[in-house]
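One-based numbering along the sequence shown. Scope of the values below: all heavy atoms of this structure, side chains included, with no hydrogens, waters or symmetry mates.
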Amino acid sequence: TSGDAVVMVLATIKARIVVNGREQTRDTPLQTNGLVIGTDGLTIMPLSMLDPAELLTRTLSATAGANSKVDVSSETSELRIRVGARELPATIVLRDSDLDIVFLKPTEALTAPVAAIASDGPTPQLLDTLISMQRSTESFGWGTLASFAVVQLVVEKPRPYLLASLSTVAGNGLGASMFDTAGRFVGIVARVAGSRTAPQPGVVLAQDIRELVKQIK
């Protein structure tokens, strides 16, 4: 089923933030949603969840003022894709900051194919019903979360995306996988809406994700 391809991505994010010479560092454990789109384990998730440096730089620069100096860097360690009861060590193979999408892949060849989405659906239209699927965190037993959503806005420029009503557990629904009522993949929720300094969740469409896949060798 489509829900089997919805996974949790685990990592530790180390961020270093310097604003006007004042430095702060933090290590943050990450449990966030992803989606397996290839039987070899190729997985997508929001880039801003895994590498928050660019987003933090933009937002802090906007709030700190024009004359402020902001420097943010982040690095990821212990990156894993949790597939069923297995945690597969993974690496980043492609990033796209415009669509806020990052592609991950297991670092070792799999002994057997993993569950992945089977097919993509057409671009939804206004008021179409979608199914939102997420993987719960460890505290909820890694269960599958599902809810109905309705397309509220179809945006075509400067980049296509959807706004849809979301029932979320955490993170504003970021990383939630969206399917049509036939179970076909529609897109994934990432920070693609709003402004560059205050990005908001929107649904990145399947066809744009497939175009990015062509760049992966």
Side-chain angles (χ1 to χ4, degrees), residues 1-11 29-50 79-94 96 99-106 110 112-122 124 128-151 161-192 201-210 212-213 216:
T1 65
S2 299
D4 294 332
V6 178
V7 296
M8 188 64 74
V9 176
L10 311 173
L30 179 71
Q31 293 184 6
T32 194
N33 278 270
L35 180 69
V36 181
I37 62 171
T39 55
D40 59 352
L42 184 65
T43 298
I44 56 173
M45 63 167 288
L47 173 61
S48 58
M49 297 294 288
L50 193 63
L79 180 59
R80 291 105 65 208
I81 304 168
R82 194 177 197 281
V83 178
R86 295 180 295 166
E87 292 186 5
L88 307 176
T91 188
I92 296 172
V93 293
L94 183 68
D96 189 289
L99 295 179
D100 191 34
I101 293 292
V102 61
F103 291 79
L104 315 175
K105 202 169 187 179
L110 304 181
V114 296
I117 54 171
S119 61
D120 297 345
D128 279 359
T129 299
L130 304 178
I131 299 172
S132 167
M133 302 193 76
Q134 301 177 68
R135 182 69 54 190
S136 69
T137 58
E138 183 177 11
S139 58
F140 289 95
W142 310 110
T144 302
L145 302 164
S147 62
F148 289 107
V150 175
V151 177
Y161 64 86
L162 306 176
L163 292 184
S165 58
L166 288 170
S167 298
T168 64
V169 172
N172 294 324
L174 287 167
S177 299
M178 308 298 288
F179 300 89
D180 64 15
T181 53
R184 297 172 298 186
F185 177 53
V186 168
I188 190 169
V189 179
R191 287 188 176 100
V192 73
V203 181
V204 180
L205 297 172
Q207 56 261 40
D208 292 318
I209 293 170
R210 293 301 183 189
L212 292 176
V213 171
I216 300 174

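- Annotation for Gly202 and Leu163: closest pair CA-CD2, 4.2 Å, computed over non-hydrogen atoms.
- Residue Ala11 comes nearest to Leu50 through the heavy atom pair CB-CD1, 4.2 Å, listed as atom of the first residue, atom of the second, then distance.
- Atom-to-atom distance recorded for Ser177:OG and Ile131:CD1 is 12.0 Å, nearest 0.5 angstrom.
- Rounding to the nearest 0.5 Å places CZ of Phe185 at 11.0 Å from OG of Ser119.
- Closest approach of Ala176 and Gln134 over heavy atoms only: CB-CG, 3.5 Å.
- The distance from atom CG of Leu88 to atom CG of Leu110, rounded to the nearest 0.5 Å, is 6.0 Å.
- Judged as a side-chain hydrogen bond (donor to acceptor under 3.5 Å, both in side chains), and not counting sequence neighbours, the contacts of Arg184 are Asp180.
- Between Ile188 and Ile101, some side-chain heavy-atom pair lies under the 4.5 Å cut-off.
- Here the side chain of Asn33 pairs no donor or acceptor atom with the backbone of Gly175 at under 3.5 angstrom.
- Leu104 places a side-chain heavy atom less than 4.5 Å from the side chain of Ile92.
- Residues Val7 and Val36 come closest through the heavy atom pair CG1-CG2, 3.6 Å.
- Each of Asp4, Leu35, Val6 was checked for a side-chain contact (heavy atoms from CB on, under 4.5 Å) with Ile117, and the lone residue meeting it is Leu35.
- Annotation: side chain of Leu162 is in contact with side chain of Leu205 (closest heavy-atom distance under 4.5 Å).
- From Gln31, atom CD reaches atom CZ of Phe140 across 11.0 Å, with rounding to the nearest 0.5 Å.
- For the atom pair CG of Leu30 and CE of Met8, the computed distance is 9.0 Å after rounding to the nearest 0.5 Å.
- The line from CD1 of Ile44 to CD1 of Ile209 is 3.5 Å long, rounded to the nearest 0.5 Å.
- Judged by distance alone, with hydrogens and angles left aside, the side-chain atoms of Arg82 form no donor-acceptor pair with the main-chain N or O of Glu87 at under 3.5 Å.
- Within the structure, the side chain to side chain donor-acceptor pair (under 3.5 Å) test picks out the following pairs touching residues 36-47 (sequence neighbours left out): Asp40-Lys105.
- In terms of heavy-atom proximity, Ala164 sits nearest to Met178 at CB-CE, 4.4 Å.
- Judged by distance alone, the side chain of Asp100 and the main-chain N or O of Ala190 form no donor-acceptor pair under 3.5 Å.
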Chi angles and distances behind the side chain to side chain contact (heavy atoms under 4.5 Å, CB included) call for Phe103, Ile37: CA-CA 10 Å; Phe103 291 79; Ile37 62 171; 3.8 Å; yes
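- Arg135 contributes a side-chain N or O that, together with a main-chain N or O of Gly3, makes up a donor-acceptor pair within less than 3.5 Å.
- Closest non-hydrogen pair, Pro106 versus Leu42, comes out as CD-N, 4.5 Å.
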